[in-house]
Every structure is written in structure tokens, then in C-alpha cells.
Amino acid sequence: MKKFVIDQQVEDIEMPENLKLNTFLQEFHSDCLHPECRFGFYGFAFGQSPFPVPEPVKNALIENAGKGTYASVPGIQELRDAISEYSKRNYKFDADPKRIYVGPGTKELIFNLLEILHGTVILPTPAWLGYLPQIRYLKKNFHMLHVRANGKIAPNDLEHLILRLHDRQKILILNNPNNPTGLVYSQLELEEITDVCRKHEVLVISDEIYAQTTYEINKFVSMGKIYPEGTFVTNGLSKSHAAGGYRLGYVIFPQNTFELRRQFKKILATEYTATSTPIQYAAIAGFKESREMEEYFEITRNIHKIMGDYTYQTLNQIEGVKTTKPESTFYLLANFNAYSDYFLANKISNSQKFSESLIQHPYHTALVGGDSLVLERTDFSARIAFVDYDGKKAMENYIESTPTTGSDKIEFIKNNAPKIVDGLEMIKRYFKDLKRNADSKLTIRELDAGKALSK
Ligand SMILES: Cc1ncc(COP(=O)(O)O)c(C=O)c1O
């Protein structure tokens, strides 16, 4: 049999955590023989919008399916114009369409930016699980910057770190609104970060893929507006338009970057020629102003908020547990470190073991543990995504009878997202068992072997 030799550079990188998680869950699923495992699991792990692709986008894709020619490298002009208008209309960030490049996903564009920009990367943590494998693959120098207890970058900490770096260029990855915390930076906070970046000429890649999901949309401010000469803003269809599978993202370059864009174009042309033409036409319908799209954004962000508030309130009822209060996205970050001793008593010595013990019978609950969020392995924080429900049905029911009072909202969740309700109860039960179990000889992992708690 032929032996294939794989390039060492590829051997050295790890599978990005989201794919690893997928494999892990699938393996778990097929391995578990307990009848209850047939049910599957409570899915707090995957960060995918539950809603259907908006009708205008879907229809535009169908109408343009026959467009088989290559598009120009930066994207078709009509789309770049539509994105420019969209950015102005929604985020009051006015950028010439020439500064906008379209690519097959935000992830790809961030990778392309990291490819062409020399420099040391500053990665605030906790972080989305996609950045680090790219940084490693590109063999870039990087430094973590742990955020403060409020979940945000402290400008002083940023400056201290910058002063220790001697590379002639530094690149800060700012993810706002933030995955995993669900937090949104205020204008003032962005201005303070900008002061530091401007002083030390640090570039910013501002990943704003969750901008449109900000519950109070007027609270979102784009870094591109605050620091126009140094920020690359990235965004796309994946989260706001529930179309991750379409693979379409865009980057808005800083001002006065003609030469840089020329170089970027070269890289895109070398790597993938252009983004799929029919998908670009579909995206025009998603970014152009229309009553249908406005309604779609409003309804989906309101439902995210209802689910987020409920998840936040329920988890914070567990003694000792603290979470961020999401203001955007469909995630929050839960801090379970108050249970460290109980974890250890249960032979759960790191966050990987924690997520494994929670996925196993009888809990069947999937979340993303701290090690996948670029935290210390012994940090028992976890990302909880609140998207495990039928988004189409939830939208229809929301339109038919919009919940306004607190009790309406609880009713809405119970009817539309029963797995979120039951899954959160399961997390509560897990921590109760963990605590009760800590003194006994039986560890929580042994429950899987069918040894019920007798105490
Ligand atoms: C913070 C963040 N950036 C980027 C992406 C990827 O976006 P895209 O699907 O456009 O590549 C994700 C997807 O999970 C994300 O959470």
C-alpha cells in the first residue's frame, strides 16, 4: 500500500476544537449502549443559528443558480455596494465599497489577513475556538491576553503587554460582540482600546460576526468607526443570516490601504480565485435594505435574547455559579470554578474531563469546556450556547403571539425550547450530584456504570 507523507507543518497542528467536538460527540453517541442515549444529548455546544435562511436570500440563490462564471476576486460590485450600505445603515460605519473584499467565510478571511500581515498576534482569552489553530498553522508569534473579571480587555493590561513585544507590527484580535461571553464593548471601551492601539500603532482585526444579533442593536458600535485607520472589520452571513453553510464573509479594510488590498487580492486569487457567484447574489438580498430582512433580524435577535435571559437566570440559580449576561450572540460563559474541589473529589481534574463527564449518561449534556476556549486546562469555565430548538417553529410562534411579559416569555421557552429547559435542569442536577458525591467513594463518572447514588 502506498504510504503518503504528510507535510510536517500539517502534522503539527491540531484539529480545530469545533471539529474535534463533533467527532467526540459522534463517538460518544455510537458507543453508549444505554437506552436513554438514543435520545441524543442536550446541545449547548454548537454555535449555529437555529433559524431558517431568510426567504429573500434563499430565493435569490435559486434565481441565480445559473450564474456559472467566475466572479472578480474582491467580490461582485453590487454586493460590495450592498455591504457598504448595510454597514452604514446598521452600524453607522461608512466605508467605501473599494475597501470591502468578499470571501468564502469570515474564518477564511481572517486566515488570509493573518497570512499577509506580518507581526505578533495578541489574542484575548477566553476566545473563539477558531483563531488559535490558524495562528499556529501560520507559525505566527502570539501572546494571550487574559480578560478581566468583567469579561473585557483592560486597556492597561493591553498596553503592558504591547510594551513587552518587540515585533515591528502587532495585531490585536478583537471579537466584538464576543464569543464565548456574549458581551458587547461600549463606545467608551472601544475608544480606550483605540487610544492604546493608536499610540503603539497596533492593528486590529475586529471580528464583528455577531453584530446583528445584538439584542439592543443601537448599542453595537463598530471598531471600524472608532479606529478607521487601523481596523480590519470582518463579518458575514453565518450568524445574522443563519447561513454558515453558504460560506460568505467580508472584510472592510482600514482607510488608505490601496497597496495592501492589491497584495491581498493576489493572495485570494492564488488560493481560491473568487467566492461562489450564486452565493454572492444570494448575499446581496441579505444585505440590501428590505422590510423582510429587517423583520427577520428583529425577530431572531429578540428570540436570542429571550433564550439568553432564561439561560442566564437559570444557571445563576445554581449556588456558586456565575455567568456573563449576554447582550448579543447565542452564548454565555459560565464560571464553575467554585466547584473545583468537588471536581477533584470526583476525579475530574481538568475541563476536558468535565465536558466528558457531563456528556455521559445520565446527563447527556454537551457544552464547550475551558480548554477549547483557550483557557487553562484547570479552569472550569464553559461556553453555553442556547440554540438547541426548532428555530423555524419558534419564529412562527413568535409572530403569531409575541411574548411580552415575563411569564409569556417563560411559556414561550417551555413550548419552543423544551430541550433548553430540560438541559439546564440536567446541568443543575449534575452539580448537585457532584457535590453530594464528593464525600462518598462513588465518583460521578461511576454513575455511568449504573451505580446509583444510595445517599
Ligand atoms: C467569533 C467567530 N468568528 C468567526 C466565525 C466563523 O464565521 P464564518 O462562518 O463566516 O467563517 C465564527 C463561527 O462560529 C465565530 O464564532
Side-chain angles (χ1 to χ4, degrees), residues 15-22 43-51 53 57 75 79 83 86 100-115 121 123-135 137 147 151 153 171-185 204-214 220 222-223 231-252 268 271-272 275-276 279-280 282-283 286-287 304 308 324 326-333 367-368 372-374 383-387:
M15 178 72 96
E17 293 290 346
N18 46 346
L19 299 180
K20 216 156 79 178
L21 187 75
N22 209 351
F44 295 107
F46 287 118
Q48 177 135 256
S49 170
F51 299 116
V53 174
V57 177
L79 175 57
I83 293 170
Y86 172 83
I100 300 172
Y101 271 46
V102 174
T106 310
K107 191 178 195 175
E108 181 67 46
L109 288 167
I110 294 171
F111 185 76
N112 298 144
L113 288 172
L114 292 172
E115 267 180 316
V121 180
L123 181 65
T125 59
W128 172 51
L129 31 77
Y131 304 124
L132 197 57
Q134 296 195 347
I135 294 169
Y137 184 54
V147 300
I153 300 166
I171 307 156
L172 169 68
I173 295 187
L174 177 74
N175 177 209
N176 177 43
N178 188 263
N179 171 6
T181 63
L183 299 177
V184 179
Y185 283 82
V204 177
I205 295 178
S206 185
D207 181 356
E208 301 181 358
I209 188 122
Y210 293 97
Q212 189 59 267
T213 64
T214 306
F220 174 76
S222 174
M223 188 64 164
T231 304
F232 300 79
V233 171
T234 58
N235 202 335
L237 282 185
S238 297
K239 312 296 170 180
S240 45
H241 299 69
Y246 275 47
R247 308 309 304 130
L248 186 128
Y250 64 83
V251 51
I252 307 183
L268 303 200
E271 294 189 7
Y272 48 77
T275 307
S276 152
I279 293 294
Q280 292 200 47
F287 290 122
H304 285 317
T324 53
E327 302 162 304
S328 180
T329 77
F330 26 85
Y331 313 108
L332 56 74
L333 185 76
L367 46 64
V368 175
S372 303
L373 305 170
V374 203
R383 187 189 79 176
I384 311 280
F386 32 88
V387 286

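One-based numbering, in listed order, for ligands and for the atoms of each.
- Per-residue contacts place N175 under 4.0 angstrom from the following atoms of ligand 1 (heavy atoms of the residue considered): 1 (C).
- At a heavy-atom distance under 4.0 Å, no atom of E108 approaches ligand 1.
- Proximity of V147 to N178: side-chain heavy atoms (C-beta onward) are nowhere separated by under 4.5 Å.
- Nearest heavy-atom pair, W128 versus P180, reported as atom, atom and distance to 0.1 Å: N-CD, 4.4 Å.
- Ligand 1 has a nitrogen or oxygen under 3.5 angstrom from a nitrogen or oxygen of R247.
- Using cut-offs of 30° and 60° on the angle between ring planes, the pair F111 and Y137 is parallel.
- Every atom of ligand 1 with a heavy atom of G105 under 4.0 Å away is listed here by number and element: 10 (O), 11 (O).
- F330 has its side chain within reach of S49: a pair of non-hydrogen atoms, C-beta onward, lies under 4.5 Å apart.
- Judged by distance alone, the side chains of Y131 and D207 do bring a donor and an acceptor atom under 3.5 Å apart.
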Run the side chain to side chain donor-acceptor pair (under 3.5 Å) check on T329 and T213 step by step: do they pass? CA-CA 6 Å; T329 77; T213 64; 5.7 Å; no
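- Remark: distances from the non-hydrogen atoms of G236 to ligand 1 are all 4.0 Å or more.
- Per-residue contacts place Y210 under 4.0 angstrom from the following atoms of ligand 1 (heavy atoms of the residue considered): 1 (C), 14 (O), 15 (C), 16 (O).
- The backbone N or O of G286 lies less than 3.5 Å from a partner atom in the side chain of H241, making a donor-acceptor pair.
- The protein non-hydrogen atom at the shortest distance from atom 3 (N) of ligand 1 is D207 OD2, 2.6 Å.
- Among all non-hydrogen protein atoms, the one lying nearest atom 7 (O) of ligand 1 is I209 CD1, 3.5 Å.
- In this structure, atom 15 (C) of ligand 1 lies nearest to the protein heavy atom W128 CE2, 3.4 Å.
- Of the N and O atoms on the side chains of N235 and Y86, not one donor lies less than 3.5 Å from an acceptor on the other residue.
- Considering only non-hydrogen protein atoms, atom 13 (C) of ligand 1 sits nearest to K239 NZ, 2.9 Å.
- For atom 8 (P) of ligand 1, the nearest non-hydrogen atom from the set G249, S238, G130 belongs to S238.
- Aromatic ring pairs are classed by plane angle as parallel below 30°, tilted from 30° to 60° and perpendicular above 60°; the pair F287 and Y250 is perpendicular.
- Here the closest non-hydrogen pair linking R383 and L373 is N-CD1, 3.7 Å.
- At a heavy-atom distance under 4.0 Å, only side-chain atoms of N179, from C-beta outward, approach ligand 1.
- Geometrically, ligand 1 and T106 share a nitrogen or oxygen pair separated by less than 3.5 Å.
- Within ligand 1, the atoms closer than 4.0 Å to a non-hydrogen atom of K107 are 8 (P), 11 (O), numbered from 1 in the order shown.
- Checked against a 3.5 angstrom limit, the closest N/O atoms of Y131 and ligand 1 fall outside it.
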